[in-house]
Amino acid sequence: PQLLNRTTFDRMARTFVSGGAMVAVAWPFRDHFFVVPGAIAVVTYVIMILSLRSLNEEEWAIVHRIRHTVASHLPLFGRR
């Protein structure tokens, strides 16, 4: 199999677009306390990755596993 094929290039391009959006949105907040631009950057990157569907099936499985683990430890959301 080729290392760089159309699928790989497509995912790489979507990831770079997500990173660019993250920087563009967080940059105006660079003079604030570091938590503010950091939190804005993380939220922006996650939204972009999810909206551009940059994750493959294996990564989606990891996200679901983490989500269920976190939800099971939160009494408000988890079932015990």
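Here, residue 1 is the first one in the sequence, and each next residue gets the next number.
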To check you understand the geometry: which heavy-atom pair defines the closest contact between A26 and A41, and what is its length?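 Taking every non-hydrogen atom into account, CB-CB, 3.9 Å.
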
Testing the basics here: between A24 and P28, what is the closest heavy-atom pair and its distance to 0.1 Å?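 Scanning both residues completely, I find the closest heavy atoms to be O-CD, 3.4 Å.
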
In the hydrophobic clustering that connects Ile, Leu, Val, Met, Phe, Trp and Tyr at side-chain heavy-atom distances below 4.5 Å, which members other than V43 occupy its cluster, ordered by chain and number?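 I47, all in the cluster of V43.
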
Under 4.5 Å between side-chain heavy atoms, chaining through other members, with only Ile, Leu, Val, Met, Phe, Trp and Tyr counted: pull out the rest of the cluster around F16, sorted by chain and number.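 ILVMFWY cluster around F16 also holds L4, F9, M12.
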
Are I62 and V70 connected, step by step, through hydrophobic side chains (Ile, Leu, Val, Met, Phe, Trp, Tyr) whose heavy atoms are closer than 4.5 Å?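 Yes; tracing contacts between hydrophobic side chains, which count when under 4.5 Å, links both residues.
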
What about M22 and L50, same hydrophobic cluster or not, with Ile/Leu/Val/Met/Phe/Trp/Tyr joined at side-chain heavy-atom distances under 4.5 Å?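 Same cluster: M22 reaches L50 through Ile, Leu, Val, Met, Phe, Trp or Tyr contacts under 4.5 Å.
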
Report the residues that fulfil salt bridge (charged side-chain N to carboxylate O under 4.0 Å, His left out) with R11, sequence neighbours left out, ordered by chain and then residue number.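 By the salt bridge (charged side-chain N to carboxylate O under 4.0 Å, His left out) rule, R11 matches E59.
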
Per the side chain to side chain donor-acceptor pair (under 3.5 Å) rule, what does the pair list look like for residues 33-54, sequence neighbours excluded?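 Sorted pair list comes back empty.
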
Using side-chain contact (heavy atoms from CB on, under 4.5 Å) as the criterion, point out the one residue from V46, V23, L52 that pairs with S18.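 Filter result, single survivor: L52.
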
Which residues pass the side-chain hydrogen bond (donor to acceptor under 3.5 Å, both in side chains) test with N56, not counting sequence neighbours?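 With neighbours one apart ignored, the set is empty.
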
Sequence neighbours excluded, which residues qualify as ring-ring contact (aromatic ring centres under 6.0 Å, His included) partners of F29?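 For F29 the ring-ring contact (aromatic ring centres under 6.0 Å, His included) partners, ignoring immediate neighbours, are H32.
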
Any carboxylate oxygen within less than 4.0 angstrom of a Lys/Arg side-chain nitrogen, looking at D10 and R14?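 Salt bridge between D10 and R14, a charged N being under 4.0 Å from a carboxylate O: yes.
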
Value rounded to 0.5 Å, distance of CD1 in I40 from CZ in R30: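 Those atoms lie 13.0 Å apart.
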
